[in-house]
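Below: one structure, written as structure tokens.
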Amino acid sequence: GPMMLALAGDAAQNPVLRLEAFKGVGTLRPADAVDPLLDLVSESSPSIRAAALRALARVDPETFLAALAGTDSDRDWIVRSEQAAALGGLSAAQASPRLTAMLKDSDQRVVPAVLNALVALKAPGLEPVLLEYMKAEDPVTRAAAATGLGALAAAQAVRPLSDAYTAWQ
């Protein structure tokens, strides 16, 4: 625990090694990791910020949510995408409001991660949202919506999925 946390926080270390250390911190969930992780969510590297947020979500979900609430959206889409993925590991009650707001992200590369997180949560009222995103211009977003509808086994999704399949042929 402490060694992985020290490695994750050491800017002089290889970035790939640091990212792996964050995964270890998220898995081990040491209680003393919260403050160092909070410090690292403002690191200049987007990949380090994203990894710190993801680890924080696993170590202390309440602090993670408070950290998100107390900040504006990250300037980098990769970090926002990772925030969505991390939110998908929390409860629907905790994460759905933030994820629903993230559907309006200015960068369409974030939306598939948000849809995947909402599906992971089995968020209430999700089927109409996924059906709407089946019409998105972005093929990755459409694929995430289609996958989500399949995962939810949505009865009203048969026709849109069939139409999408035909259109992609």
**Message:** So which atom in G9 and which in L40 form the shortest heavy-atom distance, rounded to 0.1 Å?
**Reply:** CA-CD1, 3.8 Å

**Asked** So does E43 pair up with R49, basic N to acidic O under 4.0 Å?
**Response** no

**Message:** Between T147 (side chain only) and A143 (backbone N and O only), is there a donor and an acceptor less than 3.5 Å apart?
**Reply:** yes

**Asked** Do L87 and F64 have side-chain heavy atoms sitting under 4.5 Å apart?
**Response** yes

**Prompt:** Within the side chain of S96, is there an N or O that forms a donor-acceptor pair under 3.5 Å with the backbone of A93?
**Reply:** no

**Request:** Name all residues meeting the side chain to side chain contact (heavy atoms under 4.5 Å, CB included) criterion together with E62; count only those two or more places apart in sequence or in a different chain, and write none if there are none.
**Result:** D60, Q94

**Fill in**
Output for pair (D107 CG, S73 OG), nearest 0.5 Å, gives 11.5 Å

**Asked** For V79 and P46, which heavy atoms make the closest approach, and how far apart are they?
**Response** CG2-O, 3.2 Å

**Message:** With side chain to side chain contact (heavy atoms under 4.5 Å, CB included) as the criterion, how do Q83 and R98 come out once you've worked through the C-alpha distance, each side chain's angles and the decisive distance to 0.1 Å?
**Reply:** CA-CA 10 Å; Q83 287 173 354; R98 179 75 178 210; 4.3 Å; yes

**Request:** With rounding to the nearest 0.5 Å, note down the distance linking CD1 in I78 to OG in S45.
**Result:** 9.0 Å

**Atom of S81, atom of A113 and distance for their closest heavy-atom approach** = OG-CB, 3.2 Å

**Prompt:** When you look at S47 and L19, which way does the side chain to side chain contact (heavy atoms under 4.5 Å, CB included) test go after all the steps?
**Reply:** CA-CA 8 Å; S47 58; L19 294 175; 4.2 Å; yes

**Item:** Nearest non-hydrogen partners of A57 and A86, listed with the distance
**Value:** CB-CB, 3.8 Å

**Message:** Applying salt bridge (charged side-chain N to carboxylate O under 4.0 Å, His left out), can you list everything that pairs with R29, at least two apart in sequence or on another chain?
**Reply:** none

**pair V119-L130: side-chain heavy atoms closer than 4.5 Å** = yes

**Complete:** dist S42:OG -> I48:CD1 (nearest 0.5 Å) comes out at 12.0 Å

**Fill in**
Rounded to the nearest 0.5 Å, the CG atom of L7 sits from the CG atom of L17 at a distance of 4.5 Å

**Message:** If you apply the rule side chain to side chain contact (heavy atoms under 4.5 Å, CB included), what do you find for Q13 with R18, and how did you get there?
**Reply:** CA-CA 7 Å; Q13 291 293 333; R18 289 181 75 193; 3.8 Å; yes

**Message:** Quick check on the hydrophobic clustering: are V34 and L90 connected, directly or via other members, by side-chain heavy-atom contacts under 4.5 Å?
**Reply:** yes

**Asked** Shortest non-hydrogen contact from V129 to G125?
**Response** CG2-O, 3.9 Å

**Asked** Any donor-acceptor pair under 3.5 Å linking the side chain of Y133 with the backbone of V111?
**Response** no

**Item:** From CE (M102) to CG (L115), nearest 0.5 Å
**Value:** 11.0 Å

**Item:** Trace of the side chain to side chain contact (heavy atoms under 4.5 Å, CB included) decision for L28 with M4
**Value:** CA-CA 9 Å; L28 295 174; M4 274 199 216; 4.0 Å; yes

**Prompt:** When you measure from the side chain of R54 to the backbone N and O of F22, does any donor-acceptor pair fall under 3.5 Å?
**Reply:** no

**Prompt:** Would you say the side-chain atoms of D10 pair up with the backbone N or O of A6, donor to acceptor, closer than 3.5 Å?
**Reply:** no

**Request:** Kindly write out the residues that satisfy salt bridge (charged side-chain N to carboxylate O under 4.0 Å, His left out) with D105, not counting sequence neighbours, or none if the list is empty.
**Result:** R80

**Asked** So which heavy atom on V25 is nearest to which on V59, and how close?
**Response** O-CG2, 3.8 Å

